[in-house]
Each structure stands twice: as C-alpha cells, then as structure tokens.
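Residue numbers begin at 1 in each chain, while the letters A, B, ... track the order of the sequences. Remember, it's a predicted structure, so these values are computed and weren't measured experimentally.
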Amino acid sequence: MLIANVIVDVPTLQTNRPWAYGIPKQLQDVVTPGMRVQAPFGNGSRLLQGFVVSVETDNFTEFSDKKLKLIQGVLDLEPVLNPELIQLGQVMAKQNFAFQISMFQTMLPNFFRARYEKSLVLMEPSKVMDERVHQLFADRDEVAFNREEIPDELLSVLKRYQQQKIIKIHYHIKNQAKSKLVRQFKAQQTAENYLRLRSELKLSATKQARMLTYLSEHSNDEWRLVSALEKEFNFSSQDVKKAEEKGWLQTEYVEAYRQPETMNLSGYAQPLTLNFEQFEAYQTIQQALIEQKKRTFLLEGVTGSGKTEVYLHSIAQALELGKSAIMLVPEITLTPQMVQRVKGRFGAQVAVLHSGLSDGERYDEWRRINQGTARVVVGARSAIFAPVENLGLIIIDEEHENSYKQDDNPRYHAREVADWRADFHQATVVLGSATPSLESRARAQKGIYTLLHLQQRVKNNSLPRAEIIDMTESLKVNGDDLYSKKLIEAIKARLVRHEQTVLMLNRRGYANFMMCRDCGYVPMCPNCDLAMTVHADTHRLECHVCGATQSLPYVCPQCHSKRIRPFGTGTQKAEMQLQKLLPQAKILRMDNDTTRRKGSVEKLLTSFGRQEADILIGTQMIAKGLDFPNVTLVGVLNADTSLRLPDFRASERTFQLITQVAGRAGRADKAGEVLIQTFNPQHYAIQLAKDQDYERFYQQEMRLRHQWRYAPYYYSIQIKFVHADEMQAVQAAMQTAEWLKNHVADNTMIFGPAPSGVKRLKNKYHYQVLIRYQHDAQLEQAMTQLMDDAQKWQAKGVQISIDRDPLNIG
DNA sequence: AGCACGCCGACT
DNA sequence: GTCGGCGTGCTC
C-alpha cells in the first residue's frame with residue numbers, strides 16, 4: 001500500500017507533523033508530494049485539507065491497517081508546492097516557531113486556502129420524532145449545518161440523533177482555486193471556400209452571410225476570443241455554435257488569466273547606459289550569475305545613484321542564462337510607474353504580486369509563474385515564495401525596510417527566505433539600500449556579503465545642501481513649534497521660482513492628543529493605554545489601535561478648565577498652519593487619512609508630479625521612492641520624535657528616515673536644499689543624516705550596539721504574553737522567565753517580564769520576556785519545550801507569541 | 001481546531 | 001438517580 005504523509009490543516013503544536021494516510025487504488029497515480037488532499041482527521045473523521053509532503057511504500061511494520069485512514073480525494077491535479085517549497089516551508093516553520101500548515105498557506109495564494117462546510121444528512125426520516133428537526137430539513141435529506149443558525153436547544157437533540165445514526169454529519173472542503181475558462185475560435189477553411197459558401201446561401205440568411213464574410217476576411221488569423229467576435233460583430237452564441245457545427249470554424253476552451261493591469265506593451269524599452277560605478281557593480285554581479293555559485297551582494301548606493309538600473313541589467317543577464325529572477329520592493333514603492341519600468345524592459349515575462357490584487361488576479365499571476373510563463377517576479381514580501389524554477393537572481397530593494405518581516409504569524413523575514421532559496425538554487429542575491437540595516441552592513445564587513453558601492457548620483461548632480469535648524473534656538477514663526485522662520489523663507493523662495501517643496505512630519509512615536517493646560521489631563525482610550533488622537537475633520541477623538549471614538553472635550557473632565565486643547569501636531573494641523581502662513585500656496589496632504597482609499601496615493605502623487613500643487617506635506621510615507629524633478633526643497637519638520645522611541649533601533653530608524661527624505665531634493669538638474677528642524681541638533685543620527693554619511697553612522701552605531709549588547713552582536717527572541725487579566729499575563733511571563741533562566745546557556749540573558757511599550761491594548765494586557773544570546777546550543781531545545789508549555793498557557797487563555805529577531809522591542 | 005471521555009454539581 | 005459543565009487528551 002502506498003502511504004502519503006500529510007500536513008493537516010490544524011495549526012497546533014501537537015498536530016504539527018506529517019500524518020500517514022493510505023492512498024486508495026484509484027488515486028495511486030494521482031497523489032504526489034505537494035498536492036492538496038482531503039484527509040479525514042480526528043475522532044469524527046472530519047475532512048480536512050492537507051498537504052502531501054512525501055509518498056512512500058508501506059513497510060507493514062509501522063501501522064496496522066486498522067489505524068491507517070485513507071485519503072478521501074484530491075484538491076489538485078498537479079502539485080501546488082514543488083519539492084523546494086515543501087522543504088522551505090518545513091525549514092521556515094521551524095526557524096520562526098510557526099506551524100508547517102501556516103507556512104504552506106502563507107506561501108500560496110489565498111485561493112488555495114480551504115473553505116470548510118458541514119452538512120447534516122437525514123438517514124432515517126421515519127425515526128425522527130422531534131418536529132423541529134423535521135422543520136429544519138423541510139423534506140430535504142441534506143441541509144447546510146451552520147452553528148449560528150441552529151438554536152442551542154436543538155443542538156443536543158441533533159447530537160442524540162447523530163449518536164443513533166439517524167443523522168450523519170458530512171464534511172465538505174470547498175476548493176476556491178478555479179481557473180477561469182474562455183472560449184476562442186479560429187477559421188477552419190480558406191477564404192475562397194467561405195466566399196463560395198456565402199454564394200450558396202439563401203438571400204434571407206443575412207446573419208450567416210455576415211459570418212462568412214467575416215471569416216473569409218480573417219481566414220488566416222490566429223485564435224481569437226469568441227466573446228470578442230460576438231460583441232464586435234453582434235453575433236449571438238447560437239450563431240457561433242451553428243458556424244462550428246457547419247465546420248466553418250473551430251472553437252476550444254483555454255484558461256484565461258485575469259490580467260491585473262492591461263498595459264499595451266508597445267515594444268521593449270531600451271536599457272539605459274550604466275555609468276562607471278554602476279557598470280563595475282553590475283559586472284561583479286554578472287560574474288556571480290555566470291558562476292552560478294551562491295553569493296550575496298550588498299549594493300549600498302545613495303539615493304539617485306541608479307540602483308534600479310543595475311537591478312534591471314542583472315535581471316536581463318539572469319534571463320539570458322536561462323534563469324528566472326525575483327525582485328522584492330516595499331509595498332509602498334510598488335507603483336504603476338515602477339511596474340511599468342520592469343514590464344517595459346521584460347514584457348510579458350513579468351508577473352507582479354502586490355496587495356492590491358484580488359484573490360483571483362493573484363492566483364492567475366501565481367499560475368503564470370508556476371507554469372514558467374513569467375520568469376521575472378516583482379512583488380512585495382510574500383513574492384519571495386514565488387514558485388519559479390531555475391531561480392538565478394533575487395533582488396531585495398530597500399533591504400532595510402521593516403515590511404520585509406511579517407508582523408504576525410508566521411513571522412518570517414523575506415531576507416532569510418531569500419538566503420535559503422539562494423542556497424538551494426546557488427543563486428545570486430542583491431540587497432540594495434542607501435541605508436542598509438546594520439545587520440546586513442555588518443555581514444558585509446565580515447565578508448559574508450560582498451559590498452558594492454555606488455557613491456555618485458546618476459545625473460552627476462551633487463547631493464543637496466543640507467542644514468540643521470535648531471528649534472530651541474531658532475526664531476519661530478508666530479512662536480510656533482512647527483515652522484521656523486528659515487524654513488518658511490525657503491518655501492517662499494520656491495513659490496516665487498515655481499519650484500516644489502516636500503515637507504515631512506515625522507509621526508513615528510508621535511501623536512496629536514488633547515491635553516489640559518491647567519491640570520495636565522490627557523484623554524485616554526478606554527480600552528488601550530494610549531492617548532486618543534485628535535481628528536479635526538470629524539471633531540472627534542479616535543484611538544488608532546482599537547478605533548474607539550468620542551467627541552472632543554471642551555471642558556477638562558478632571559478640573560473643568562476650559563484650557564484643554566490639542567497638543568502635538570498632526571498633518572492636518574501642520575497643513576492648516578502652513579496655509580495660514582502661506583495663503584497663496586497650493587498644498588497637498590498625504591497621510592493615512594487622505595490615502596485610505598485604494599489608488600488615492602497614485603492620484604495624489606500624479607497630481608503633485610503635474611505640478612498642480614506647490615507643497616506636498618505628509619508623514620514618512622512620502623520619504624520613499626518619490627522622484628520629482630521640480631522638487632528643490634525638502635523640509636523635515638520634526639526630525640527627532642522617532643529618536644524617543646523606547647527601542648534600540650530608534651537612531652537607526654531616524655537616520656534612515658531623514659536620509660531617505662533628504663534624497664528627494666534636487667534629483668534633476670536643479671540644486672536641492674534640505675532643512676532639518678530638530679530639538680536635538682547635536683544627535684549623531686541627525687548630524688550624520690544631514691551629511692548623508694551612512695558609513696560614519698554605521699561605525700558609530702555599531703560601537704553603541706556592541707556596548708549595549710544589541711543586534712547585530714546579539715540575537716534576540718521576544719516572547720509576548722497577552723491576557724485580559726493582568727495578573728494572568730504577568731504570572732505566565734514570570735514563570736516562563738524563571739524557567740528559561742535554568743534552561744539556557746550561562747551567557748544568554750533573560751530580560752523581564754516587563755510590560756510591553758503599550759501595556760494595555762484592546763483591553764488586553766501585554767507583557768514580554770526578552771532573550772538575548774550569541775551562541776546557545778541549549779536554546780533550540782529550550783524553545784521547543786517552551787512552545788509545548790505555551791500550549792498549556794494558551795488553554796488557560798493566555799496568548800503567547802514567539803518572535804525571533806523582533807523588529808520592535810519595547 | 002474539534003471531538004470524546006471523564007469526573008463533579010443541580011435538576012427531574 | 002441523570003443532564004450537562006468544561007478540564008484533559010488525542011487525532012495517521
């Protein structure tokens with residue numbers, strides 16, 4: 001008997017392993033590893049979706065035939081996971097303390113996720129005495145079984161009938177992955193034949209005559225869509241059917257791909273010429289590609305140094321070698337312009353995966369990749385799992401971006417997945433950034449990665465002149481904390497010259513909340529330990545975590561003072577203040593509120609690009625990827641707010657943010673200027689960002705990281721404990737911390753338990769324990785044990801999550 | 001996850 | 001005496 005080892009769709013620790021199933025005879029030629037199957041699991045043998053990870057011949061020792069259940073059916077005719085991805089899923093599950101089933105589901109389009117349905121089947125109607133049950137079935141012998149629709153008191157009745165085998169429960173797995181089929185047609189005869197046929201028609205057969213005329217004129221055409229023919233020439237499906245019956249044309253069904261964007265690819269765009277630096281970098285990458293031995297490059301290049309063109313050249317080289325390529329970009333920079341640039345170069349070979357796709361579109365793009373039609377994949381984080389064969393090149397643009405790590409389970413990091421896949425394929429990895437993560441830069445230092453430098457800007461224009469404005473000293477406009485006189489003057493100068501300005505309000509670690517100027521009272525969210533945020537448009541307070549709202553108080557609820565007013569600054573207020581200072585300026589605002597709707601980011605940016613506004617003011621989202629030649633001034637309104645975050649990466653984040661936004665100035669032939677307003681003018685992160693001096697920042701920050709024993713010198717694992725009752729959360733955290741101390745190496749450090757940065761969220765208490773270590777042989781074992789214990793805590797309602805190398809500590 | 005088994009309290 | 005509460009344990 002053939003045995004299939006199956007990972008079933010039950011995300012728990014105890015079930016996180018392959019289960020053996022017999023393969024029935026009729027499926028023996030069908031079931032192969034990587035396929036989704038229906039497997040009966042557990043006491044009631046409810047049907048579950050599962051992934052076959054291996055197939056073997058039974059040795060008749062391990063299982064008595066009694067124990068072995070049979071696979072009930074297949075959900076695919078072809079595997080959806082290839083051997084590489086099966087292995088990858090297993091490795092990543094282990095590495096990230098996640099379940100294999102969750103990993104597999106993450107790797108595939110949503111369409112492959114099973115939908116479960118239950119139904120009640122009436123076996124012996126005559127034995128049902130309860131009238132309510134008869135009503136439920138209403139003469140049918142099978143009805144859908146939805147818990148919510150059936151009253152509790154009926155549930156026990158049904159259960160008794162089920163035990164007596166009068167009623168049975170059937171389980172159904174719905175396969176969502178359906179290809180769309182379309183019909184196409186082709187002429188079958190010669191033009192002369194069609195004309196002859198037409199002459200033989202009765203005069204009244206005008207429709208047929210039109211059909212023959214059309215066919216005679218298109219007898220040499222390739223396959224065309226039947227629907228197009230019907231629409232363009234006003235034929236009915238009957239007409240087409242008749243024509244087919246008469247042998248005038250032939251039709252067939254083909255799988256249709258829901259193309260996300262219809263783009264007319266009129267010819268390929270020519271590659272741009274590389275400058276010397278770019279060429280050198282490219283050559284090194286090219287060599288690695290040709291050698292086909294895994295190598296990782298860190299392409300460190302200032303904004304505007306033309307990294308993208310190096311990527312595109314490298315992709316072209318990979319394709320030429322018969323390889324495929326994956327290029328990851330942060331979701332926010334995955335704009336139509338960017339996509340167009342890649343599609344323009346590589347045409348229909350490009351597949352794009354981003355969050356804006358519908359499930360159907362995503363599924364179709366996935367299939368184009370799976371079938372090898374698309375050999376270049378561009379996408380955000382999850383595109384790293386694209387099922388390409390023969391992978392030769394992986395590019396991760398803006399590699400320092402946080403979004404490459406998923407922030408809920410499974411908490412994988414795309415960079416790590418890339419590393420594993422590159423090992424598997426002996427592929428080349430290119431990590432690109434103007435401000436690499438310290439982890440990556442340190443690896444380059446150690447020789448694990450090869451550092452490639454791009455120091456010039458492509459158009460040879462120098463970096464913008466940058467200046468720090470000390471807000472403690474500066475003359476402020478109207479005594480206002482937001483705009484210095486210098487900045488306002490600079491903007492005015494741009495208005496006169498019809499040049500544009502970009503202003504960034506650093507909202508990280510910042511919020512505009514209400515505060516009573518007399519007693520210091522701040523309205524807090526009733527569910528979360530967070531100040532509520534002022535929304536001027538709706539005149540309400542809103543919690544950004546749980547969404548609770550309340551009206552703006554006009555009198556302090558604590559001391560009844562009328563001096564309760566907004567404190568801090570939101571983009572709205574910044575915009576309003578600026579408009580007051582510069583009434584003639586046209587201002588565009590870009591923040592969470594104005595970009596909530598799909599496509600609105602695009603609209604805003606296009607409008608700004610057309611110079612329909614003088615000033616673009618926004619949050620950190622404007623720091624990335626904008627390229628507007630007419631922008632000659634970039635202002636950072638509050639550079640230092642993100643410095644105050646209780647996280648060891650606060651400096652790194654601040655440096656990256658300022659450097660990035662500064663790079664938006666003067667990208668064309670006009671000289672750019674950057675003004676950085678701050679209350680911490682001496683801080684090294686701000687000073688060095690002003691000079692765009694990544695290398696010195698790296699040196700300085702590494703010294704501090706070493707001193708404080710942080711990454712990249714130490715690894716960390718964060719364990720979070722969440723419970724509605726604070727004591728429960730604390731207790732779980734305490735016991736875990738104590739237990740850990742006795743089960744890890746001596747030089748491994750255990751911190752906590754400590755309340756998380758925000759202790760209470762959505763009425764639940766968050767506590768955390770942090771492990772920091774360098775090498776610890778015992779840790780793996782300890783963590784496995786801990787996951788086991790976590791199950792017990794979870795049973796008591798304490799949610800526990802484990803995060804390896806967390807991006808936020810605090 | 002979901003289902004059964006099992007051992008204690010408040011009902012006919 | 002039974003019905004049902006949810007703690008515990010298992011699922012090829």
Exercise. What nucleic acid atoms does A:Tyr21 come within less than 4.0 Å of, heavy atoms only: base, sugar-phosphate, or nothing?
Worked result: sugar-phosphate

Problem set entry | A:Asn742 atom CG, over 12 foreign heavy atoms within 6.0 Å | yes

Problem set entry | Side-chain touch A:Leu13/A:Phe99, heavy atoms, less than 4.5 angstrom | yes

Consider the side chain of [X], meaning its heavy atoms from C-beta on, and name the nucleotide among [options] that approaches it most closely.
X: A:Arg46; options: B:dA4, B:dG2, C:dT11; answer: B:dG2
X: A:Lys69; options: C:dC12, B:dA1, B:dC3; answer: C:dC12
X: A:Lys118; options: C:dC12, B:dC3, B:dA1; answer: B:dC3

Can you tell me the distance, in whole Å, between the [atom1] atom of [X] and the [atom2] atom of [N]?
X: A:Leu13; N: C:dT8; atom1: CG; atom2: C1'; value: 16 Å
X: A:Asn43; N: B:dA1; atom1: CG; atom2: P; value: 17 Å
X: A:Leu48; N: B:dC3; atom1: CG; atom2: P; value: 10 Å
X: A:Ile101; N: C:dT11; atom1: CD1; atom2: P; value: 19 Å
X: A:Phe41; N: B:dC3; atom1: CZ; atom2: P; value: 13 Å
X: A:Ile23; N: C:dC12; atom1: CD1; atom2: P; value: 16 Å
X: A:Leu2; N: C:dC12; atom1: CG; atom2: P; value: 19 Å
X: A:Arg17; N: C:dC10; atom1: CZ; atom2: P; value: 12 Å

Problem set entry | A:Glu416 with A:Arg804: basic N within carboxylate O range, under 4.0 Å | no

Exercise. Does a nitrogen or oxygen in the side chain of A:Tyr171 sit under 4.0 Å from OP1 or OP2 of B:dA1?
Worked result: no

Problem set entry | Ring centers of A:Tyr363, A:Phe112 separated by less than 6.0 Å | yes

